[in-house]
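To keep things clear, I will list the structure first and then write my remarks on it.
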Amino acid sequence: MNSYKYLPDDDNALELINGLASEKVLAIDTETTGLDPLNDRLRLIQIASFNTPVLVIDYWKCEPGVKEALRTLLSNDAVKVFQNAKFDINFLKSEKIVLGGPIFDTMIAGRLLWSPSGPPGFSLAALSEFFLGETLPKEEQTSDFSGDLRKEQLEYAARDASVLLELRSIMAPALKANGLVDIAKIEFNCTRAVADIEYRGIAIDRNNWEKLTEVTRAAHETAEKDLLSYAGNTVVQPDFFGNTTTVGINLNSNQQVLELLAKNGVNVPDTSKYSLSQYKEKPVVKSLHEYRKASKMLSGFLDPLPTFINSKTGRIHAHYSQIGAYSGRMSCTGPNMQQIPRDNEFRKCFIPAPGKMFILADYSQIELRVAAQISHDERMIEAYRHGGDLHRLTASLITGTPLNQITKQQRQAAKAVNFGLIFAMGARGLQSYAGDTYGVEMTLDEAEAFRDRYFLAYKGIKKWHDSIKAKPPRVSRSLTGRRYFHREDTGLAALYNTPVQGTAADIVKNALGKLMDTLSDIDAGIVAVVHDEILIEAAEKDAEEAAVILKNTMESAGEQFMVDVPLVADAHLASSWAEK
DNA sequence: TCAGTTCGCGCG
DNA sequence: AAAGCGCGCGAACTGA
């Protein structure tokens with residue numbers, strides 16, 4: 001067991017803390033009374049460094065002078081090592097301790113370094129076992145840091161901090177040896193932004209949300225009645241609360257819905273949208289669609305979302321997993337802000353605080369641009385370089401129509417073609433994708449013809465696909481160097497897609513990290529990020545400037561990697577998340 | 001009864 | 001041979 005000092009009881013806290021001022025690397029862990037930095041409290045701050053015992057600082061016992069010394073120390077330029085840094089950063093933030101210097105996050109480093117040989121997970125214990133060969137003793141999950149602390153708790157707390165320091169000593173050279181320094185810098189720098197997004201949260205217009213809930217509940221009941229008229233032998237029973245129970249059939253059971261459909265002449269293998277697409281004109285299928293739509297809105301969004309409103313701030317503080325997807329994209333939970341319906345009725349319920357404005361910004365066709373860069377498709381690169389409209393170009397190339405005569409319908413179809421075929425969608429898939437997503441009906445023959453002509457037009461894309469097809473890679477990388485190990489059974493589509501999606505994510509993360517600096521002089525902060533879209537909340541007086549900064553920061557965030565293809569971002573002021 | 005899996009669908 | 005990819009979540013279903 002490493003030596004440690006429990007402060008301020010055991011020694012002179014002020015002197016020991018100030019003594020760390022010249023250390024270039026500090027490993028920091030915290031213990032708290034819970035998981036929510038807005039409602040729970042910071043209790044211990046453990047600081048490990050190379051030359052002194054671990055300081056285990058009981059924040060509740062610290063005099064103002066000691067707290068001030070901590071604030072000064074943690075704001076300095078030393079590298080700060082954490083496991084899941086955003087957690088600690090936000091608890092420190094709740095005590096007005098603002099972290100300075102570069103971050104090294106062992107959990108993120110672990111994910112970047114992952115290979116099929118391990119680590120099997122990314123907890124501190126798993127990382128320690130894999131990278132250091134040290135087994136950490138099991139800690140009690142229920143460890144309570146709100147009362148008197150046991151010696152054992154202090155020892156564990158101290159050990160976790162010292163393990164961080166050891167991990168970095170191994171992981172930092174490993175990142176370098178594996179060509180992961182560029183992406184590690186992007187990720188570590190982005191962590192501050194992710195922490196900030198979670199801490200700020202986003203405001204919601206509760207009245208409007210409730211109104212929308214009521215309207216949708218009414219639509220749900222109507223759809224339920226419609227659908228039940230096809231079922232027969234069912235009874236709807238209202239209860240005391242005005243809710244209804246249907247006896248005889250459960251419309252949420254796909255097994256039962258399958259029977260209902262069969263009774264009405266719709267014979268399908270399953271009840272998915274795909275299987276039902278050929279029957280979509282039948283009234284029973286239309287009713288089912290209406291019913292499911294309303295059910296999804298209610299159970300997926302309208303009912304659960306209010307439960308996430310934080311009691312302290314009245315805002316929604318979602319959790320972002322910085323490397324949530326294997327591609328490198330972020331994922332989001334509690335609630336998942338990345339799947340809020342696009343419908344303006346939903347989006348207009350997300351609003352800036354009084355006196356503030358939103359700036360909504362998104363990249364234009366970032367994945368297509370990345371695919372152009374990765375494949376070096378000359379025609380695509382030229383089009384993007386000259387600010388051309390790629391969808392219009394594709395429409396022209398696959399229909400043989402002159403560019404200036406392309407109809408809106410043709411351009412819509414080309415959108416489906418561009419987004420679908422770049423990732424190996426088949427003719428059948430393209431057909432239904434075009435119908436569902438862009439409202440464009442095409443025959444299977446047309447879809448096949450578009451597919452053929454697409455690959456004739458974009459020879460670079462064809463070559464890129466062909467080379468992957470000829471020798472499916474077991475390892476590939478995004479343009480920043482993020483590494484992917486592909487399983488033997490990984491399909492072609494995933495092989496094409498992963499580095500493209502990942503590169504786009506890398507660029508967005510680079511932008512997020514830079515924004516923490518470029519926005520620092522004005523009253524503005526990031527409140528949500530949805531893959532290729534960044535939402536900022538800014539004081540009204542600073543909103544115009546924030547929009548300019550946001551656009552410029554996003555567009556320049558890819559320069560280092562997108563050497564042949566420019567990035568374009570649109571940013572505009574808004575009084576809600578609903579686009580104008 | 002309950003944890004784990006599957007289906008279906010919201011988003012980019 | 002043929003194939004869009006990546007997520008999270010609620011409800012139903014499955015199996016012990």
Side-chain angles (χ1 to χ4, degrees), chain A residues 216 249-258 268-277 288-289 291-305 307-308 318-343 346-347 362-368 370-371 415-434 436-437 447-448 451 454 461 465 468-469 472 476 478 484 486 489-505 507-508 528-535 577:
Chain A
T216 310
I249 185 171
N250 178 356
L251 295 175
N252 295 320
S253 162
N254 293 321
Q255 285 177 359
Q256 294 178 45
V257 166
L258 208 57
V268 279
D270 56 62
T271 70
S272 66
K273 232 181 186 172
Y274 176 80
S275 296
L276 289 170
S277 61
L288 175 62
H289 186 244
Y291 173 82
R292 281 186 171 169
K293 182 93 184 162
S295 296
K296 175 84 177 177
M297 295 302 119
L298 285 170
S299 69
F301 305 104
L302 293 164
D303 289 334
L305 193 119
T307 68
F308 292 112
H319 300 274
Y320 288 80
S321 173
Q322 198 173 313
I323 310 185
Y326 191 64
S327 64
R329 267 190 178 184
M330 296 205 263
S331 67
C332 183
T333 58
N336 182 354
M337 292 299 296
Q338 300 178 327
Q339 62 172 158
I340 300 296
R342 292 201 71 176
D343 188 324
F346 284 79
R347 299 263 169 128
D362 64 342
Y363 283 104
S364 157
Q365 301 166 18
I366 187 167
E367 287 198 5
L368 290 182
V370 170
K415 258 176 145 171
V417 169
N418 278 330
F419 290 130
L421 297 189
I422 203 107
F423 301 127
M425 195 177 269
R428 190 65 191 271
L430 174 59
Q431 186 189 17
S432 55
Y433 175 61
D436 296 351
T437 314
E448 268 164 14
R451 197 167 186 274
Y454 177 86
I461 298 289
H465 282 190
I468 287 173
K469 228 181 286 184
S476 57
S478 75
Y484 308 104
H486 304 290
D489 62 353
T490 300
L492 283 177
L495 296 178
Y496 302 153
N497 180 277
T498 306
V500 175
Q501 190 180 100
T503 300
I507 291 167
V508 173
V529 47
V530 186
H531 305 306
D532 67 345
E533 177 184 7
I534 297 173
L535 253 87
W577 194 9

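Predicted, not measured: the structure shown is a model, and the values here were computed from it. Chain letters run A, B, ... following the sequence lines, proteins first, then strands; residues in each count from 1.
The base-pairing partner of C:dG4, taking Watson-Crick or G-U wobble contacts with both distances under 3.5 Å, does not exist among the strands shown.
Residue contacts for A:G328: at a heavy-atom cut-off of 4.0 Å it reaches no nucleic acid atom on any strand shown. Residue A:M297 is in sugar-phosphate contact alone, with no base atom involved, counting any heavy-atom pair closer than 4.0 Å across all strands shown. Among the atoms of the strands shown, none is found under 4.0 Å from any heavy atom of A:G420. Contacts of A:T271 with the nucleic acid, taken as non-hydrogen atoms under 4.0 Å apart, involve only primed sugar atoms and P, OP1 or OP2. Using a 4.0 Å heavy-atom distance criterion, A:I340 is classed as a sugar-phosphate-only contact. Nucleic acid contact class of A:R451 (heavy atoms, under 4.0 Å, all strands): none. Using a 4.0 Å heavy-atom cutoff across all strands shown, A:Y326 reaches sugar-phosphate atoms only and no base atom.
The CD1 atom of A:I323 sits 16 Å away from the P atom of C:dG6 (whole-angstrom rounding). In this structure, A:D436 atom CG and C:dC5 atom P are separated by 15 Å, rounded to whole Å. One interatomic measurement links the two molecules: CD of A:Q431 to P of C:dG4, which rounds to 12 Å at whole-angstrom precision. Atom P of nucleotide C:dA11 and atom CG of A:N252 are separated by 8 Å, given to the nearest angstrom. Protein atom CG of A:D532 is 18 Å distant from nucleotide atom P of C:dG6, rounded to whole Å. Between A:L430 atom CG and C:dA3 atom P the separation is 11 Å, expressed in whole Å. Distance NZ (A:K469) to C1' (C:dG4): 13 Å, rounded to an integer number of Å. Rounded to whole Å, the distance from OH on A:Y484 to P on C:dC5 is 16 Å.
Between A:Y326 and A:Q501, the closest side-chain pair of non-hydrogen atoms is not below 4.5 Å. Contact of the A:L421 side chain with the A:R451 side chain is registered, since non-hydrogen atoms from C-beta on lie closer than 4.5 Å. Contact check for A:W577 versus A:E533: side-chain heavy atoms found under the 4.5 Å cut-off. Looking at heavy atoms from C-beta onward, A:T498 lies out of side-chain contact with A:S476 at the 4.5 angstrom threshold. Side-chain contact between A:L535 and A:M337 is absent, with no heavy-atom pair separated by less than 4.5 Å.
Taking 4.0 Å as the cutoff to heavy atoms of chain A, we find the contact window on DNA chain B bounded by B:dC7 to B:dG12.
Under 4.0 angstrom from either OP1 or OP2 of C:dA12 there lies at least one side-chain N or O belonging to A:N250. OP1 or OP2 of C:dC13 has at least one side-chain nitrogen or oxygen of A:Q255 nearer than 4.0 Å.
Checked against A:S478 for a side chain to side chain contact (heavy atoms under 4.5 Å, CB included), the options A:T503, A:I507, A:V370 give a single hit: A:T503.
Residue A:S331 places its side chain closer to C:dG8 than to any other of C:dG8, C:dG10, C:dG6.
Here the OG1-CZ distance, from A:T216 to A:F346, works out to 5.0 Å after rounding to the nearest 0.5 Å. Once rounded to the nearest 0.5 Å, the distance linking OG of A:S321 with CD1 of A:I323 reads 8.0 Å.
Within 3.5 Å, no donor on the side chain of A:Q338 pairs with an acceptor on the base of C:dC7, nor the reverse.
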